[in-house]
Engineer: 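Here it is, the structure, as structure tokens.
Source: prediction; values computed, not measured. Naming: A, B, ... by sequence-line order, numbering from 1 per chain.
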Number of protein chains: 2
Amino acid sequence: MTRLELVRKFRQHGYKITPQRRAILGVIAGPISHPTAEEIYELVRERMPDTSLATVYNTLRELVTIGEAYELILDCGVRRYELTGTKHAHLVCLQCGRIQDLFVNWAELESLLCPQDGFRPVRYDVTIYGYCADCASPPEGGLC
Amino acid sequence: MTRLELVRKFRQHGYKITPQRRAILGVIAGPISHPTAEEIYELVRERMPDTSLATVYNTLRELVTIGEAYELILDCGVRRYELTGTKHAHLVCLQCGRIQDLFVNWAELESLLCPQDGFRPVRYDVTIYGYCADCASPPEGGLC
DNA sequence: CTCACTGCAAACTATTTGCATCGTA
DNA sequence: TACGATGCAAATAGTTTGCAGTGAG
């Protein structure tokens with residue numbers, strides 16, 4: 001999903017497009033993955049120094065509302081955002097905090113997780129905490 | 001895991017057992033499932049009115065530290081606690097907020113989620129958001 | 001030209017911490 | 001008796017809200 005596509009989605013839902021929103025959408029459509037609101041704020045301010053954190057939060061909330069983004073809440077309580085797209089699981093490194101996407105056979109996963117008692121699933125959240133290749137052994141400390 | 005077993009675990013780790021901790025452990029070992037810190041606090045105060053919320057938070061943190069409890073953070077940001085035990089997934093109702101445990105073939109799940117790139121998994125968090133049997137159709141509003 | 005969006009600062013909520021006192025081991 | 005645990009209140013962190021001014025459509 002490019003920035004322009006996100007802008008179009010925003011307009012479709014009756015939201016106005018301001019320079020601030022354009023910049024925010026540009027950041028989340030960009031290369032940094034799973035940013036926090038604060039990280040988006042810092043990056044946006046490099047190009048739009050007059051943007052407020054409140055506007056970042058508002059725009060993120062709207063993105064989530066129109067179904068174009070997910071808000072991930074990690075074990076440590078940190079909230080991170082990512083665009084809605086291909087279904088995948090998350091690998092969270094307990095040492096460096098990095099998040100990787102793990103693409104799996106989602107249909108098989110859903111069939112395995114099928115609830116029996118009338119529960120109607122809407123969204124699956126699968127997160128694996130552990131240590132990434134670069135942090136192979138669990139040293140003291142840890143980011144999360 | 002009964003309250004007495006939790007008390008024993010606490011002692012094993014060098015923690016002292018106070019009446020407040022005994023009451024808190026009694027509540028999380030009791031019938032209410034996946035309580036919040038606040039819910040535990042209210043229940044504890046029915047029997048120990050001189051317990052502070054800070055003590056509840058401290059005790060919960062210690063339980064998590066010694067590996068006897070998990071802290072679940074839901075989509076809406078609410079933190080809930082449950083004792084470590086059999087591995088299971090969680091079903092969270094978007095309408096009433098109720099959480100149910102879903103027992104699945106965990107070995108199969110782990111093999112399906114096996115990361116390829118040197119990531120060493122420690123803990124799997126599988127949560128399914130949807131609507132429970134009692135809230136079958138998604139009305140407006142929603143608790144989370 | 002209108003009203004949604006903005007920045008700023010204040011408000012809020014959930015959790016943590018500092019400190020003098022208490023009570024378990 | 002010693003020192004870990006406690007209650008209280010203040011501090012903190014992250015997010016939301018109120019409001020008057022601004023600018024997109």
Engineer: Can you tell me how far P of dT15(C) sits from CG of Asn58(B), to the nearest Å?
Structural biologist: 13 Å

Engineer: Specify the separation, in whole Å, of atom CG of Leu60(A) and atom C1' of dC5(C).
Structural biologist: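 Going from Leu60(A) (CG) to dC5(C) (C1'), I get 15 Å.
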
Engineer: In whole angstrom, give the distance that lies between atom CD of Glu39(B) and atom C1' of dA14(C).
Structural biologist: 14 Å

Engineer: Rounded to whole Å, how long is the line connecting atom CG of Asp50(B) with atom P of dG23(C)?
Structural biologist: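 Whole-Å distance recorded here is 10 Å.
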
Engineer: Tell me which nucleotide among dA24(D), dT16(D), dT17(C) gets nearest to the side chain of Pro19(A).
Structural biologist: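 It is dA24(D).
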
Engineer: Please state whether the phosphate of dC5(C), meaning OP1 or OP2, lies under 4.0 angstrom from any side-chain nitrogen or oxygen of Arg21(A).
Structural biologist: yes

Engineer: Please confirm whether the shortest side-chain N or O distance from Arg11(A) to OP1 or OP2 of dG25(D) is below 4.0 Å.
Structural biologist: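 Yes.
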
Engineer: Considering only heavy atoms from C-beta outward, does the side chain of Leu74(A) approach that of Ile99(A) to under 4.5 Å?
Structural biologist: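 Yes; the side chains approach each other to less than 4.5 Å.
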
Engineer: Round to the nearest Å and state the distance from Arg22(B) atom CZ to dT6(D) atom P.
Structural biologist: 12 Å

Engineer: Is the phosphate of dG7(C) approached by Gln20(A) (side-chain N or O, under 4.0 Å from OP1 or OP2)?
Structural biologist: yes

Engineer: Rounded to whole angstrom units, what separation is found between the CZ atom of Arg79(A) and the P atom of dT15(C)?
Structural biologist: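 Spelled out: CZ on Arg79(A) to P on dT15(C) is 11 Å.
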
Engineer: When the nearest nucleotide of DNA chain D is assigned to Arg45(B) and to Tyr57(A) on a heavy-atom basis, which residue is associated with the more 5' position?
Structural biologist: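 First, find each residue's nearest nucleotide; the 5'-ward one identifies Arg45(B).
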
Engineer: Aromatic rings Tyr124(A) and Trp106(A): how do their planes relate, parallel, tilted or perpendicular, breaks at 30° and 60°?
Structural biologist: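 The arrangement is perpendicular - the two ring planes meet at more than 60°.
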
Engineer: Check the pair His88(B) / Glu82(B) against side-chain hydrogen bond (donor to acceptor under 3.5 Å, both in side chains), numbers first and verdict last.
Structural biologist: CA-CA 11 Å; His88(B) 57 265; Glu82(B) 73 173 353; 3.2 Å; yes

Engineer: Taking atom CZ of Arg123(A) as the centre, does the number of heavy atoms from other residues, nucleotides or ligands within less than 6.0 Å exceed 12?
Structural biologist: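 Yes, CZ of Arg123(A) has more than 12 neighbouring heavy atoms, counting only those of other groups under 6.0 Å.
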
Engineer: If you round to the nearest 0.5 Å, how far is CG of Leu83(A) from NZ of Lys9(A)?
Structural biologist: 11.0 Å

Engineer: Is the phosphate of dT6(C), meaning OP1 or OP2, less than 4.0 Å from a side-chain N or O of Thr18(A)?
Structural biologist: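 True: Thr18(A) side-chain N/O within range (under 4.0 Å) of dT6(C) OP1/OP2.
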
Engineer: Taking the nucleotide of DNA chain C with the closest heavy atom to each, which residue, Tyr81(B) or Tyr41(A), is nearer the 5' end?
Structural biologist: Tyr41(A)

Engineer: Out of dT15(D), dT17(D), dG7(D), which nucleotide sits closest to the side chain of Thr55(B)?
Structural biologist: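 Of the candidates, dG7(D) comes closest.
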
Engineer: Using atom CG of Leu53(B) as one end and atom C1' of dC8(D) as the other, report the distance to the nearest whole Å.
Structural biologist: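 Those two atoms, CG and C1', are 12 Å apart.
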
Engineer: With nearest nucleotides of DNA chain D determined for Gly77(A) and Met48(B) from heavy-atom distances, which residue corresponds to the more 5′ nucleotide?
Structural biologist: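 Nearest nucleotide further toward 5': that of Met48(B).
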
Engineer: Measuring from the side chain of Lys16(B) (C-beta onward, heavy atoms only), which nucleotide among dT24(C), dT15(D), dA24(D) has the closest atom?
Structural biologist: dT24(C)

Engineer: Round to the nearest Å and state the distance from Glu38(A) atom CD to dT16(D) atom C1'.
Structural biologist: 15 Å

